[in-house]
Amino acid sequence: MAAMRHLLRSNNNGYLYCFSTHQIRRIATADATLDHSTCGVKRQKKLKEVARRVCDVIRRRPTWESTLLSEFPQEDLLHPSCIAEIFRRQSGNALLTLRFYLWLSSHQGANRFSPEAILSALSKAKAWKASLHFLRSTKCRPQTSSLESFAARLCEEGNDLEESLETILELKRVLDFSPSLLLTWNTALSRSLRIGRTDLVWRFYEEMINCGIAGDATTIRCIAQAFCKEGKMSEALELLRDISKGGVMTPDAFTFNKLVSGFCRAKNYEKVSETLHLMIQIGCKPTIFTYQEVIYGLCRNGMAGEAYRVFNDIKYRGYVHNVFSYTMMIDGLCKMGQVEHARDVWQEMMRNGLVPNEYTYNVVVYGYCKMGDMDEAKKMYEEMLSRGCKESIVSCNTMIGGLCSNGRIDEAWEWFERMPDRGIDRDSNTYSIMIQGFCQGGRMKEALDLYYNLLEVGLQPRVAFYTRMIQAFCEEGNVSMATEILNDMVSRGLEPLVITHDYMISGHCRRGDACTAMGLLWKMLKGKMRPRCATFENLVESLSLADRAGDALRVLDAMYKAGYVLGTSLCHSLVGRLCSENHQHAGEHLEEVLGR
DNA sequence: TTAGGGTTAG
């Protein structure tokens with residue numbers, strides 16, 4: 001009854017409803033497999049009938065635990081076939097299933113359902129909460145080996161690692177059991193890492209140490225990776241140094257590679273070199289992957305020249321580059337404008353019999369687009385296709401962007417239109433690139449049509465997209481369109497960038513609507529946003545042209561408060577204007593403002 | 001047990 005009370009209490013917080021129908025079926029199946037006994041068809045039929053009646057009782061009667069055995073013959077009720085049938089029938093009801101489990105476990109002497117079997121069935125069904133609950137409420141202690149495999153399963157398959165950890169802590173507290181298998185702990189560490197929960201890595205690791213488990217190279221790799229993920233590469237390096245010094249174990253190259261990659265990203269090349277030295281010192285030879293991390297890091301940090309030096313240097317030291325290395329190197333060199341070197345690298349790759357892949361072609365196509373050599377870009381694109389590499393959203397966006405930025409808007413549009421025929425879905429970047437192309441070419445009508453089309457097909461434009469659209473319309477002087485787009489953006493829950501308001505103000509000025517522009521400026525200042533200097537200047541000029549000297553001065557005042565200085569030419573024209581006959585007073589006021 | 005990456009746009 002204690003178990004029963006516990007159950008009912010638990011029921012209030014929904015604790016037991018962690019069973020799904022599917023899980024219960026699995027439990028039933030698992031238990032059915034426990035039944036190895038054979039008996040006659042007649043006996044089976046009888047057992048099924050008993051099971052049906054038992055189910056009826058336990059479903060209808062609020063309490064049945066204390067009387068069930070007196071109502072049915074024990075040899076029937078506790079027969080594995082009968083029990084399996086009960087589980088099968090009860091599989092849709094989590095609460096009753098567990099209650100029956102608990103009842104069974106209190107009669108375990110009389111049947112074959114040991115706590116080990118029940119725990120195993122529950123964990124196979126991934127009913128972790130119910131397993132823990134079963135252990136708690138029955139206070140039984142399954143054999144250590146059974147708990148061990150339960151913990152292993154929990155760490156390997158538990159869908160909430162934090163909950164797994166809590167369970168492990170509870171097992172320790174309540175049953176004085178801790179997993180002793182290194183595998184279990186390493187699995188938990190790796191999985192924590194994979195889901196990006198370094199906090200769990202530390203907690204599992206601490207518990208593992210508390211349990212007196214010594215880690216191995218895998219453990220160290222997880223710990224080092226966790227440090228790297230948190231940007232604490234130096235700590236990781238010290239850890240690896242200490243471990244290597246003791247000579248107990250040698251961390252693997254994979255671990256070091258993560259470290260090299262982290263230091264490269266942080267542009268800490270001194271530490272990169274320190275790490276490489278440590279590797280060599282302890283006999284963990286850097287692999288091609290290690291150097292690829294270095295080359296990639298250098299390229300990404302705009303040091304393609306240095307990367308090229310490393311790239312060539314390691315070739316002479318016996319390392320063999322693969323397509324990945326070549327692609328990375330070509331990309332780095334292209335982005336630095338070192339096209340000649342990029343060509344050399346490409347040719348070398350071909351000489352070495354390597355086959356460029358989709359990535360390689362994409363970086364080359366992009367390189368030619370950036371150089372403005374669209375014919376060569378197209379040629380490479382064709383070659384890519386003829387070699388059986390697939391075009392993709394990336395290759396299409398690259399080409400469309402290249403054509404647009406080289407003023408070949410119509411060709412870009414052709415590519416854009418042909419994409420569905422090629423079996424490639426356009427994304428919001430594709431639209432963004434094309435619309436930007438139309439904007440740059442002053443083809444606002446087409447830009448706008450495409451924008452509506454984008455909304456129609458249900459794509460979600462990003463902030464950068466809106467910013468560019470609004471900028472283009474403002475520069476066109478089409479402020480009403482810009483306003484409409486801005487409103488649309490806000491209605492989609494996107495926050496405009498500060499500069500968007502600058503564009504709007506200048507757009508109104510361009511149309512000669514200094515009044516609205518000024519209203520927007522005050523709004524910006526009220527919202528603690530800092531307009532750009534050019535925005536103030538545009539507005540001052542616009543107001544002065546509109547003969548609104550007083551307002552111009554007020555804006556000028558705000559401009560000074562924002563820490564800007566009025567440019568000389570604008571200052572002269574303003575003074576000239578204000579000093580004309582009609583504005584004697586304002587002119588004096590301006591001198592006052594400037595004289596402060 | 002674990003387990004490698006990269007290209008467009010921003």
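Per chain, numbering begins at 1; letters A, B, ... match sequence-line order.
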Sugar-phosphate only, base, or nothing, as touched by [X] at under 4.0 Å among non-hydrogen atoms:
X        : value
A:Glu293 : nothing
A:Arg300 : nothing
A:Thr218 : base

Test the A:Arg422-A:Trp415 pair against the cation-pi criterion, namely NZ or CZ under 6.0 angstrom from the six-membered ring centroid and within 45° of the ring axis. yes
Identify whether NZ of Lys or CZ of Arg in A:Lys390 sits under 6.0 Å from the centre of the six-membered ring of A:Tyr359 and within 45° of that ring's axis. no
Find the distance [X]:[atom1] to [N]:[atom2] and express it as a whole number of Å.
X        : N     : atom1 : atom2 : result
A:Phe311 : B:dG6 : CZ    : C1'   : 14 Å
A:Lys390 : B:dG6 : NZ    : P     : 21 Å
A:Asn301 : B:dG6 : CG    : P     : 15 Å
A:Leu193 : B:dA3 : CG    : P     : 9 Å
A:His321 : B:dG6 : NE2   : C1'   : 15 Å
A:Phe324 : B:dG6 : CZ    : P     : 7 Å
A:Gln436 : B:dA9 : CD    : P     : 10 Å
A:Asp331 : B:dA9 : CG    : P     : 11 Å

So, OP1 or OP2 of [N]: does either fall under 4.0 Å of a side-chain N or O from [X]?
X        : N      : value
A:Arg468 : B:dG10 : yes
A:Lys258 : B:dT2  : no
A:Gln225 : B:dT2  : no
A:Arg221 : B:dA3  : no

Among [options], find the nucleotide with the atom closest to the side chain of [X].
X        : options             : answer
A:Tyr296 : B:dT1, B:dT7, B:dT2 : B:dT7
A:Asn186 : B:dT8, B:dT1, B:dG6 : B:dT1
A:Asn429 : B:dA9, B:dT2, B:dT8 : B:dA9
A:Thr187 : B:dT1, B:dT7, B:dG6 : B:dT1
A:Lys370 : B:dT1, B:dA9, B:dG6 : B:dA9

Interface with DNA chain B, restricted to residues 340-369 of chain A and to heavy atoms under 4.0 Å: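 Heavy-atom cutoff 4.0 Å gives A:Asn357, A:Tyr359, A:Asn362, A:Val363, A:Tyr366.
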I'd like to know if the side chain of A:Asp502 reaches the main chain of A:Arg532, judged simply by a donor and an acceptor atom lying under 3.5 Å from each other, with no hydrogens or angles considered. yes
Would you say A:His321's side chain and A:Phe311's backbone share a donor-acceptor pair under 3.5 angstrom?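 Yes, the answer is positive, given that a donor and an acceptor are paired below the 3.5 Å cut-off.
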So, do A:Tyr326 and A:Trp346 have ring centers that fall under 6.0 Å from each other?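 No, ring centres 6.0 Å or more apart.
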Taking atom types as modelled, find out whether A:Tyr291 and A:Arg317 have a side-chain donor-acceptor pair closer than 3.5 angstrom.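 Yes.
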For A:Arg492, is there an ion pair with A:Asp488 - N to carboxylate O distance below 4.0 angstrom?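 A salt bridge is present here (some side-chain N lies under 4.0 Å from a carboxylate O).
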Can you establish whether the number of heavy atoms outside A:Lys271 located under 6.0 Å from its atom NZ is more than 12? yes
